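Contents: one structure, followed by commentary.
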Amino acid sequence: MSKIKTPQAIRGTQDIFGPDAEAFAFVVETFERVRKLYRFRRVEMPVFEKTEVFSRAIGETTDVVSKEMYSFEDRGGESLTLRPEFTAGIARAFLTNGWQQHAPLKVATHGPLFRYERPQKGRYRQFHQIDAEILGAGEPQADVELLAMADQLLKELGIEGVTLHLNTLGDGDSREAWRAALIDYFSAVRGELSEDSQERLEKNPLRILDSKDPRDRKFVGDAPKIDAFLSDDARAFFDAVTSGLDAAGVKWARAEGLVRGLDYYRHTAFEFIPDEGSAAAAALGSQSTILGGGRYDGLMESLGGAPTPAVGWAAGIERLAMLVGDKSEALADAVVVVEDDACMASAIATLGKLRAAGLTGELVASGSPRKRFDKAVKSGAKAIVALSLRDGEENRRIKADEADQARIEALLG
RNA sequence: GCGAUCGUAGCUCAGUUGGUUAGAGCGCCGGUUUGUGGUACCGGAGGUCGGGGGUUCGAGACCCCUCGAUCGCCCCA
C-alpha cells in the first residue's frame, strides 16, 4: 500500500460542523429575517474583483491593502483579489450597473471574505460577514435606520451585554483639521509614545486614540477632540443621528476615541462592543468588535464615480455565532429501524411517507440487527418505527407518545 | 511580521528523575445477556507518540530544525 499524505486545510480556514454550524446558520437566518423587516434588498456579489477595486477604495496605505490581500494573476495577466470586505465591491457594482436609478438603495448580503492574517480567536483568513449598506442616501435618517436594524438584529440573536459605541469623524474638512491637530499634539511627546504609535503618527495618527499601550493611554485623554473641529453642518448631522437613535430606542454611548481603520469613512463611525466583564466579552477573547461600520461619502469618487453618500456596516458571523449560545442539532421526528434486512424496501417506503408529510427522519439499517433499536433509542428521536419479521410476516411497532403514535399510524395506514 | 503555550488511537486525555511488546474512557465493529427493549459483560479493529535530524546502551519524554494548532501583539469583523 502506498502512503498518500492527506493534504491539510489552509491555515486560517475552518470546517464548521455540528452545533457550531447550527449557530452559524442561526445567525444568517436571523439576519435574513431582520433585513426583510427593514426592506433591505438581497444582493449576491462576486467573491473576487480587480485588485484596484480594493486598493483604490480602501486605501493603498492601509494594512488590509498593503499586506493582507489574497491577490493573484489570472490567465490573462490581470491582477485579481479575493474580497477582503464587501463595501468596495458593492460600490463598484453600484457604479458599473447604474444602480443610481434605485437610489436610495438598501442592500444586504453575506458570505466569505479573505484576509491574510495570523489566525486567533474569532479571526480567520477566510471568515464570514453579514453586511448592510444604504447607497445614495446622504441624510442622517439613513444612519439611524441602519443602526436600528443592527440593534434589532443583535436583540433577536439574543446577544446581551453589547453597547453601540458611536462617534463622528466629521466631514472631510473637519476630519483633516482634527487629524492635523492630533499630529501636532502627539508629535510634541513623540519620544514617550510606544514604538507602534510613533509609526502610527506617520501612517494613521487617528489610530493612536485606541491604542492599548499604557504609554500612549496617558496622553490620549487630553488629546484634541473632534468636537472642537466639527463644522456646523457636521455637528448638525451628528446631532440628527443621535436624536434619531434616541427616538428609535437604540441605546448608544459616545466614544470620542473611536475611529475606523479604512480611509473612506466620514461622519458617523460606530462599533458594537461587548461591555467589559460581560459574558460576551469573555467569549470573544481579544476580538472586541462584533459589528462595525460608518458613513463613507468619499468612496464612490475614489472609484471614479460621482460623489455619492452612503452608509453601511458589517458583522463577523463567527463572532456573532460565539455569542448566540448552544445551538444543538435538532433531534429526528422519527427514526425507522430495520430490525431484519428483509424489511428494507418497506422501511424505505415508510420513511418516504414520513418525510413527505414533513417529518424529519432517518433510517437505522446498519450494524448488528439486534443493536439497531438501541441505536435509535439513543439518538433521542421523538418516534421510532421498528420493522421486523414475526412468523415470516412483517411486524411494525411504533414507539412514541400517544399523539405522535396516532399521527404516524394515520400516515402509514 | 513578532511573541507565548502546545502537538500520544476517530474524540478527550494518562504515560512517574529517559528503561522491556505505548494505556484508559468515550465512539466504532462483533458476540453474549436482556427481550418491547436507552442494561450489563466479553472480544476486536485502530497509533511509524505531527515530521526530520541529534544526544544516549536505550527517546513519547532531552536538544535543534520544520510543519501545524491555540492564544496574544499589530491590524481588524
Side-chain angles (χ1 to χ4, degrees), chain A residues 3 5-15 17-18 27 31 58-59 61-69 83-87 110-132 150 154 162 194-200 203-204 206-208 210-213 216 258-262 270-274 284-294 312-323 331 335 337 339 364 366-381 384-386 388 390 395-400:
Chain A
K3 277 237 173 100
K5 219 170 163 198
T6 305
Q8 35 199 5
I10 306 298
R11 164 177 290 198
T13 62
Q14 321 167 72
D15 303 307
F17 175 73
V27 171
F31 173 66
I58 300 171
T61 62
T62 59
D63 278 19
V64 169
V65 170
S66 63
K67 50 190 198 196
E68 294 174 1
M69 293 206 300
R83 46 140 97 132
E85 60 149 45
F86 278 114
T87 306
H110 65 82
L113 306 173
F114 305 84
R115 253 125 89 163
Y116 191 89
E117 289 187 284
R118 202 65 185 273
Q120 56 185 274
K121 194 180 186 72
R123 281 179 88 151
Y124 308 93
R125 288 187 173 178
Q126 176 179 336
F127 59 107
H128 303 80
Q129 287 184 346
I130 50 180
D131 181 277
L154 296 179
V162 171
S194 67
E195 295 75 16
D196 284 335
S197 283
Q198 295 189 24
E199 218 172 293
R200 291 185 183 111
K203 286 175 55 186
N204 198 349
L206 274 56
R207 279 271 144 199
I208 300 176
D210 54 10
S211 168
K212 292 168 190 160
D213 195 303
D216 302 329
L258 176 70
V259 297
R260 307 260 70 216
L262 310 181
F270 52 84
E271 294 180 0
F272 282 80
I273 301 176
L284 286 170
S286 71
Q287 316 307 319
S288 53
T289 304
I290 57 173
L291 184 153
W313 57 248
I317 298 176
E318 289 87 349
R319 291 184 187 176
L320 292 172
M322 289 191 285
L323 303 179
L331 301 174
V335 165
V337 180
E339 296 205 85
V364 173
S366 62
S368 167
R370 314 180 61 164
K371 292 183 173 173
R372 290 177 192 172
F373 191 91
D374 284 356
K375 200 187 274 186
V377 173
K378 259 196 201 176
S379 80
I384 297 172
V385 180
S388 58
R390 187 174 286 181
N395 179 56
R396 183 177 80 208
R397 230 175 38 78
I398 300 173
K399 177 185 158 74

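Naming: A, B, ... by sequence-line order, numbering from 1 per chain. Bear in mind that the values here come from a model prediction, so they are computed numbers and not experimental data.
- Between the side chain of A:Arg118 and the base of B:rC74, no donor-acceptor pair of N or O atoms lies under 3.5 Å.
- Of the charged side-chain nitrogens involved, none lies within less than 4.0 Å of a carboxylate oxygen, so that A:Arg372 and A:Glu339 do not count as a salt-bridged pair.
- Taking CZ of A:Arg125 as the reference point, atom CD of A:Gln14 lies at 13.0 Å (rounded to 0.5 Å).
- Note that the OG atom of A:Ser211 and the CZ atom of A:Arg200 stand 4.5 Å from one another [nearest 0.5 Å].
- Rounded to whole Å, the C1' atom of B:rU70 lies 46 Å from the corresponding atom of B:rU33.
- Rounded to whole Å, the distance from CG on A:Asp213 to C1' on B:rC75 is 15 Å.
- With both ends at atom P, the span from B:rC11 to B:rC67 equals 23 Å, rounded to whole Å.
- The shortest heavy-atom contact between A:Leu258 and A:Phe270 is CD2-CA, 3.5 Å.
- Counting any heavy atom pair closer than 4.0 Å across all strands shown, A:Gly122 reaches a base atom.
- In this structure, A:Gln126 places its CD atom 21 Å from P of B:rC76, rounding to the nearest Å.
- Put simply, the side chain of A:Lys371 and the base of B:rG31 share a donor and an acceptor less than 3.5 Å apart.
- Taking CZ of A:Arg319 as the reference point, atom CD1 of A:Ile290 lies at 9.5 Å (rounded to 0.5 Å).
- Heavy atoms of A:Arg200 sit under 4.0 angstrom from primed sugar atoms or phosphate atoms, though from no base atom.
- Residue A:Thr289 places no side-chain N or O under 4.0 Å from the OP1 or OP2 atom of B:rA77.
- Taking only side-chain atoms of A:Lys378, from C-beta outward, the nucleotide of B:rG72, B:rA69, B:rG38 with the closest atom is B:rG38.
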Please determine whether side-chain contact (heavy atoms from CB on, under 4.5 Å) holds for the pair A:Val337 and A:Val385, giving the CA-CA distance in whole Å, both sets of side-chain angles, and the decisive distance to 0.1 Å.
CA-CA 6 Å; A:Val337 180; A:Val385 180; over 6 Å; no
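- Residue order along RNA chain B, read from the 5' end via each residue's closest nucleotide, puts A:Lys399 first among A:Pro119 and A:Lys399.
- As rounded to the nearest Å, B:rG35 and B:rA40 have P atoms that lie 16 Å from one another.
- With hydrogens and angles ignored, a donor-acceptor pair under 3.5 angstrom links the side chain of A:Arg319 to the base of B:rC76.
- Comparing B:rC57 with B:rG50, their P atoms sit 25 Å apart, to the nearest whole Å.
- Contact check, A:Ser286 against B:rC73: a side-chain N or O comes under 4.0 Å of OP1 or OP2.
- Between the CG atom of A:Asp15 and the C1' atom of B:rC11 there is a distance of 16 Å, given to the nearest Å.
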(request) Start with the C-alpha gap between A:His110 and A:Asp131, add the side-chain angles, then the distance that decides, and say whether side-chain contact (heavy atoms from CB on, under 4.5 Å) holds. (result) CA-CA 6 Å; A:His110 65 82; A:Asp131 181 277; over 6 Å; no
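- Rounded to an integer number of Å, the gap from A:Gln8 CD to B:rU66 C1' is 12 Å.
- For A:Asp216 and B:rC73, the CG to P distance is 14 Å, given to the nearest whole Å.
- Comparing A:Lys375 and A:Ala9 against RNA chain B, the residue whose closest nucleotide sits nearer the 5' end is A:Lys375.
- Atoms NZ (A:Lys67) and P (B:rC75) sit 8 Å apart, rounded to a whole Å.
- Between the CZ atom of A:Arg207 and the C1' atom of B:rC75 there is a distance of 7 Å, given to the nearest Å.
- Summarising the geometry, atom CG belonging to A:Asp216 is positioned 4.5 Å from atom CG belonging to A:Asp213; distances are rounded to the nearest 0.5 Å.
- When heavy atoms are screened at a 4.0 angstrom cut-off, A:Glu85 is found touching no nucleic acid atom at all.
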Show your reasoning for whether side-chain contact (heavy atoms from CB on, under 4.5 Å) applies to A:Phe127 and A:Gln129. CA-CA 7 Å; A:Phe127 59 107; A:Gln129 287 184 346; 3.5 Å; yes
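- When distances are taken from the side chain of A:Glu117 to each of B:rG68, B:rC75, B:rG72, the shortest belongs to B:rC75.
- To the nearest angstrom, C1' of B:rU32 lies 14 Å from CG of A:Asp374.
- Listed nucleotides B:rC75, B:rA77, B:rC71 differ in distance to A:Phe127; the shortest reach to its side chain belongs to B:rA77.
- Annotation: B:rG3 and B:rU8 have their P atoms spaced 24 Å apart (nearest Å).
- Contact annotation: A:Gln120 side-chain N/O to B:rG72 OP1/OP2 distance is under 4.0 Å.
- The strand RNA chain B forms stems, runs of 3 or more Watson-Crick or G-U wobble pairs with distances below 3.5 Å, at B:1-7 with B:67-73, B:10-13 with B:23-26, B:28-32 with B:40-44, B:50-54 with B:62-66.
- For B:rU32, the base has no donor-acceptor partner in the side chain of A:Arg370 [N/O atoms by modelled type, under 3.5 angstrom].
- Taking all atoms of both residues into account, the shortest heavy-atom contact from A:Phe272 to A:Leu154 is CD2-CD1, 3.3 Å.
- Using C1' as the reference atom, B:rA22 and B:rG47 are 9 Å apart when rounded to the nearest Å.
- Contact annotation for A:Phe86: no contact, since no heavy-atom pair falls under 4.0 Å across all strands.
- Atom P of B:rG1 sits at a distance of 36 Å from the matching atom of B:rU16, rounded to the whole Å.
- Nucleotides B:rC71 and B:rC64 are separated by 25 Å at their C1' atoms, to the nearest Å.
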